[in-house]
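I have placed the structure first, in the form of structure tokens, so that the comments after it can refer back to it.
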Amino acid sequence: MTCLMAVACNTPTPHFRGAEVTRVSVQGSTFDIRHRGRLAEAIRVNSEYAPRLGPIGRRAEIAIEAVTGCDVIEIRGDAALILGIMDCRDSARTAPLASYVPLYQDCEVVDIWVPSGGSTGYLEAEC
């Protein structure tokens, strides 16, 4: 008898196993965000036509900063899994999602909401 095991698309990498996950949607891209120390992982869990790291990476940065309250100083990865390297030393943001104020001049968060009973937070940003 053969045993097959299905692995979900949002399975964390080994460094982030056991870390709390927060689902955030930014401009149509939905990410599962996990963080540990100065690193954060954004796994894109929705399908998109011809995804490219450029625009998706920017959305992942917004999502990571909203969840962690830290500044993303570098991203690595691809359009499915993005690793964010953060700087939390001088961050003025302390309450994730609820008091998110973007530090970017090219993006502005225009709405934040979490549906009652839902586990996904949604950010609407204009970049």
Side-chain angles (χ1 to χ4, degrees):
M1 175 176 234
T2 304
C3 180
L4 297 175
M5 191 161 85
V7 177
C9 293
N10 65 344
T11 302
T13 57
H15 180 73
F16 296 98
R17 283 198 187 123
E20 183 178 333
V21 63
T22 303
R23 184 162 286 183
V24 178
S25 182
V26 177
Q27 292 183 316
S29 295
T30 303
F31 303 96
D32 278 354
I33 307 293
R34 293 173 177 86
H35 61 95
R36 203 170 256 154
R38 291 187 54 227
L39 300 176
E41 178 178 76
I43 300 174
R44 188 173 51 83
V45 295
N46 66 311
S47 60
E48 294 185 33
Y49 176 74
R52 294 182 330 266
L53 180 59
I56 291 176
R58 182 70 188 102
R59 295 174 197 153
E61 284 182 54
I62 293 169
I64 289 169
E65 289 180 349
V67 170
T68 65
C70 298
D71 298 325
V72 175
I73 56 173
E74 184 179 341
I75 63 167
R76 298 178 183 177
D78 57 33
L81 189 145
I82 294 118
L83 178 70
I85 301 169
M86 303 179 297
D87 179 6
C88 298
R89 293 175 295 165
D90 297 324
S91 180
R93 291 169 288 172
T94 57
L97 282 179
S99 65
Y100 178 69
V101 178
L103 297 178
Y104 297 95
Q105 296 181 11
D106 60 342
C107 285
E108 178 181 342
V109 173
V110 294
D111 199 6
I112 300 172
W113 71 98
V114 179
S116 63
S119 61
T120 303
Y122 294 92
L123 299 175
E124 180 152 345
E126 290 181 358
C127 297

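The first residue of the sequence shown is numbered 1, and numbering continues consecutively from there.
The CZ atom of Phe16 lies 9.0 Å from the CD1 atom of Ile43; values are rounded to the nearest 0.5 Å. Taking CZ of Arg36 as the start and OG1 of Thr68 as the end, the distance is 14.5 Å to the nearest 0.5 Å. Note that NE2 of His35 is 11.0 Å distant from NE2 of His15, once rounded to the nearest 0.5 Å. Distance CG/Leu83 to CD/Glu41: 7.5 Å, rounded to 0.5 Å. Rounding to the nearest 0.5 angstrom, the gap separating the CZ atom in Arg52 from the CZ atom in Arg58 is 15.0 Å. Separating the CE atom in Met86 from the CD1 atom in Ile73 is a distance of 9.5 Å, to the nearest 0.5 Å.
Residues Leu53 and Gly77 come closest through the heavy atom pair CD2-O, 3.6 Å. Here the shortest heavy-atom pairing between Ala79 and Ile56 reads O-CG2, 3.7 Å. Taking all atoms of both residues into account, the shortest heavy-atom contact from Ile75 to Val72 is CG2-CG1, 3.7 Å. Shown here for Ala42 and Phe31, the closest heavy-atom pair between the two residues is CB-CD2, 4.0 Å. Taking all atoms of both residues into account, the shortest heavy-atom contact from Ser25 to Thr30 is OG-OG1, 3.3 Å. Between Val26 and Ala63 the shortest heavy-atom distance is CG2-CB, 4.0 Å.
For Asn46 (side chain) and Gly28 (main-chain N/O), a donor-acceptor pair under 3.5 Å exists by modelled atom type. Although no hydrogens or angles enter the test, the distance criterion places no donor-acceptor pair under 3.5 Å between the side chain of Arg44 and the main chain of Ser29.
Residue-environment remark: CZ (Arg76) stays at or below the threshold of 12 foreign heavy atoms within 6.0 Å. The environment of CD in Glu20 is sparse: at most 12 heavy-atom neighbours from other residues, nucleotides or ligands sit within 6.0 Å.
Applying the salt bridge (charged side-chain N to carboxylate O under 4.0 Å, His left out) test to Arg34 and every residue at least two apart in sequence or in another chain returns nothing.
Contact check for Asp32 versus Thr22: no side-chain heavy atoms found under the 4.5 Å cut-off.
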